[in-house]
Enquirer: 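Sharing a structure with you now.
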Protein chains: 2
Amino acid sequence: MAETATSPDPGLVDALRALSNPVRLQLLMWLREPERHFPLEEAIADPAEVGVCVSHIQARAGLAQSTVSAYMAELQRAGLVKATRVGKWTHYKRDEQRIARLVATLGETL
Amino acid sequence: MAETATSPDPGLVDALRALSNPVRLQLLMWLREPERHFPLEEAIADPAEVGVCVSHIQARAGLAQSTVSAYMAELQRAGLVKATRVGKWTHYKRDEQRIARLVATLGETL
DNA sequence: CCGATGTTTCGGAATTCTTCGATGTGATCG
DNA sequence: CGATCACATCGAAGAATTCCGAAACATCGG
């Protein structure tokens, strides 16, 4: 059922809105290969495992810490990244499943 | 060359920004099956051929005519639709190639 | 040429976004 | 505990978006 699409899925719109900002899009793209875009030497934990901490993302982005923090929270609300706290560091990692599902949904409904 | 992505493709951001609005996203989705979402009887030309005119889109959307016109122009600038004027009616049709390429790009770079 | 119709463009009001600095919170170390 | 570090949240200023009605533009019919 529900074959007559009435209005766009809110989750889809949220994701698109999160991605519509060049900085946030860039952050998500950097996280595709963390070891490529962030200093591996300074990593407190395996990037592939837990992700990259806010400080490193902030240093790369060149924006205020509060801005980067808010952006990562927004990407998380949109379901594009997952957060893990390791000590005092919050690490953000891509949610590849959700991202893949988003692209698939776009291919089908868009 | 150019294998190290520095900043997101502006065209990609433009498309995502155009799609980040629920109304514009809806308009593009309606245009997937024009004959399904717009009155075929009143069509001045084959929807599959030239698309749907602004009046019909406006009636379905329930927004001011100037708003719908501006939204369609925005979708066109983002490369998601193509416009064709038939008499006094401007018809908008999806640019399926560009849309498919956008989804493919998202799958690869996002 | 006139008037009507479809569309675009302009100007503006309300809202949201972007980004910052300041402040708050939680964890660590001495 | 107290200081400090990493991060989150708050409050605010400026910019952009959303949406409208009015006016301008284009096209057709008479």
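Side chains are part of it too, since the values below use all heavy atoms of this structure and drop only hydrogens, waters and symmetry mates. The sequence lines fix the lettering, A, B, ..., with proteins before strands; numbering per chain opens at 1. Not measured: the values here are computed from a predicted model.
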Enquirer: Look at the side chain of B:S66 against the base of D:dG21 and say whether a donor-acceptor pair falls under 3.5 Å; ignore hydrogens and angles.
Expert: yes
Enquirer: With respect to the phosphate group of C:dT18, does any side-chain polar atom (N or O) of A:R24 fall under 4.0 Å of OP1 or OP2?
Expert: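 The answer is yes; a side-chain N or O of A:R24 sits under 4.0 Å from OP1 or OP2.
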Enquirer: Looking at B:L110, is its backbone amide N or carbonyl O close enough to the side chain of A:R32 to form a donor-acceptor pair, meaning the two atoms are under 3.5 Å apart?
Expert: yes
Enquirer: For C:dT8, does OP1 or OP2 lie under 4.0 Å from any side-chain N or O of B:S69?
Expert: yes
Enquirer: Under 4.0 Å, heavy atoms only, any strand: does A:T90 hit a base, just the sugar-phosphate, or nothing?
Expert: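 Sugar-phosphate, backbone atoms only, no base.
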Enquirer: Does C:dC17 have OP1 or OP2 sitting under 4.0 Å from an N or O in the side chain of A:N21?
Expert: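 No, because none of the side-chain N or O atoms of A:N21 sits under 4.0 Å from OP1 or OP2 of C:dC17.
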Enquirer: Rounded to the Å, how far apart are B:L75 CG and C:dT8 C1'?
Expert: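 Interatomic distance, CG of B:L75 to C1' of C:dT8: 16 Å.
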Enquirer: Rounded to the nearest angstrom, tell me the gap between atom CD in A:Q58 and atom C1' in C:dG21.
Expert: 13 Å
Enquirer: Looking only at the side chain of B:Q65 (C-beta and beyond, no hydrogens), which of the listed nucleotides D:dC20, C:dT8, C:dC20 gets closest?
Expert: C:dT8
Enquirer: Over how many whole Å does the gap from B:L19 atom CG to D:dT18 atom P extend?
Expert: 12 Å
Enquirer: Quick one: which of D:dC20, C:dT5, D:dA6 gets closest to the side chain of B:K88?
Expert: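 Selected nucleotide: C:dT5.
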Enquirer: Using atom OH of A:Y92 as one end and atom C1' of D:dA6 as the other, report the distance to the nearest whole Å.
Expert: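 Spelled out: OH on A:Y92 to C1' on D:dA6 is 11 Å.
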Enquirer: Measure from the side-chain N and O atoms of A:T109 to the backbone N and O of A:T105, and report whether any donor-acceptor pair falls under 3.5 Å.
Expert: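 Flag set: sc A:T109 to bb A:T105 pair under 3.5 Å.
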Enquirer: Please report, rounded to the nearest Å, how far the C1' atom of C:dC17 is from the CZ atom of A:R77.
Expert: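 To the nearest whole Å, that distance equals 13 Å.
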Enquirer: Measure the spacing between CZ of A:R94 and NZ of A:K82 and express it to the nearest 0.5 Å.
Expert: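 Between A:R94 CZ and A:K82 NZ, I get 11.5 Å after rounding to 0.5 Å.
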Enquirer: Which value, rounded to the nearest 0.5 Å, describes the distance between A:L12 atom CG and B:M29 atom CE?
Expert: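 Going from CG on A:L12 over to CE on B:M29, the span is 7.0 Å.
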Enquirer: For B:V52, run the side chain to side chain contact (heavy atoms under 4.5 Å, CB included) check against B:W89, B:W30, B:F38 and tell me which one passes.
Expert: B:F38
Enquirer: C:dT7 phosphate, OP1 or OP2: any side-chain N/O from B:Y71 under 4.0 angstrom?
Expert: no
Enquirer: Can you tell me the distance, in whole Å, between the CH2 atom of B:W89 and the P atom of C:dT8?
Expert: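 Roughly 14 Å, once rounded to whole Å.
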Enquirer: Which is more 5' along DNA chain C, the nucleotide nearest A:G87 or the one nearest B:R85? Just name the residue.
Expert: B:R85
Enquirer: Can you check the A:Q76 CD to D:dA8 P distance for me, whole Å?
Expert: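 Checked: the CD to P distance equals 8 Å.
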Enquirer: For B:S55 and for A:L63, find the nucleotide of DNA chain C with the closest heavy atom, then tell me which residue's nucleotide is more 5'.
Expert: B:S55
Enquirer: In this structure, how many angstroms lie between the P atom of C:dT28 and the CD1 atom of A:I44, rounded?
Expert: 11 Å
